[in-house]
Structure formats: structure tokens, C-alpha cells
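Below you'll find the structure, written out as C-alpha cells, and then a few comments.
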Amino acid sequence: MTVFAASVFDATVVFEGQELFKGRGSAQAWAEKVARELETDVTVEKVGTGWVLKATVEGEPRSWGIFGQRLSRIELPS
């Protein structure tokens with residue numbers, strides 16, 4: 001099963017309409033899972049009051065937050 005279909009039951013916060021990980025630790029744990037699946041480096045970054053996952057996939061920057069208890073790509077303001 002893909003990590004993107006797994007339920008995210010970690011605490012979240014909403015910042016500028018995006019649901020993000022509340023804690024760095026839980027974001028880091030999910031970053032490690034995503035890194036194994038995508039076979040690329042995945043980092044965590046503080047955005048407002050929460051944390052997002054970030055990576056470069058096929059040459060494109062990607063960011064993930066949470067939507068409906070699943071990892072979801074999000075667009076961050078520039």
C-alpha cells in the first residue's frame with residue numbers, strides 16, 4: 001500500500017487554509033516514509049504554525065500537507 005493512502009492520525013493545525021502537521025516529530029516520521037517510497041530526500045519545513053514535507057520529484061519542487069487524513073500536495077505561497 002502506498003504511504004499516500006495511509007491515514008494520518010497525527011495532530012494538525014490550519015494555517016492560511018492549509019492543514020499542516022502540528023509537530024516537527026510527526027512531520028519527520030512521515031517524511032521518512034515518503035522518502036522511502038519515492039526514493040528521494042524529503043525534508044520538513046516550518047510554515048506559519050505548522051510543518052510541511054518538501055522534496056524535489058522529477059525535477060519539480062513538491063510540498064505536502066494533509067487533507068482528509070491523507071497526505072496531499074499543497075501549494076505554498078511564494
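Residue numbers start at 1 and run along the sequence shown. If you're wondering where the values come from, they're calculated on a predicted model, not measured in any experiment.
Looking at Arg73 and Ser63, their side chains never bring a donor and an acceptor atom within 3.5 Å of each other. Donor-acceptor pairing under 3.5 Å is recorded for the side chains of Thr2 and Glu37.
With hydrogens and angles disregarded, no donor-acceptor distance shorter than 3.5 Å links the side chain of Arg62 to the backbone of Ala55.
A salt bridge (Lys or Arg N to Asp or Glu O under 4.0 Å) check over residues 41-53, counting only residues at least two apart or in different chains, returns the pairs Glu45-Lys54.
The shortest distance between side-chain heavy atoms of Val52 and Leu76 falls below 4.5 Å.
Annotation for Ala5 and Arg70: closest pair O-NE, 3.0 Å, computed over non-hydrogen atoms.
Take Ala11 and apply the side chain to side chain contact (heavy atoms under 4.5 Å, CB included) test, not counting sequence neighbours, and it matches Lys22. Not counting sequence neighbours, the partners of Glu19 by the side chain to side chain donor-acceptor pair (under 3.5 Å) test are Thr12. Scored by the side chain to side chain donor-acceptor pair (under 3.5 Å) test, Arg24 finds no partners at all (sequence neighbours excluded). Contacts of Arg36 classified as side chain to side chain contact (heavy atoms under 4.5 Å, CB included), with partners at least two apart in sequence or in another chain: Glu32, Lys33.
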Yes or no on side chain to side chain contact (heavy atoms under 4.5 Å, CB included) for Thr49 and Val14, after CA distance, side-chain angles and deciding distance? CA-CA 8 Å; Thr49 57; Val14 176; over 6 Å; no
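Hydrophobic cluster of Val42: the remaining members, joined at side-chain heavy-atom separations below 4.5 Å, are Val3, Phe4, Val8, Phe21, Trp30, Val34, Leu38, Val44, Trp51, Leu53, Val57, Trp64, Ile66, Leu71, listed by chain and number.
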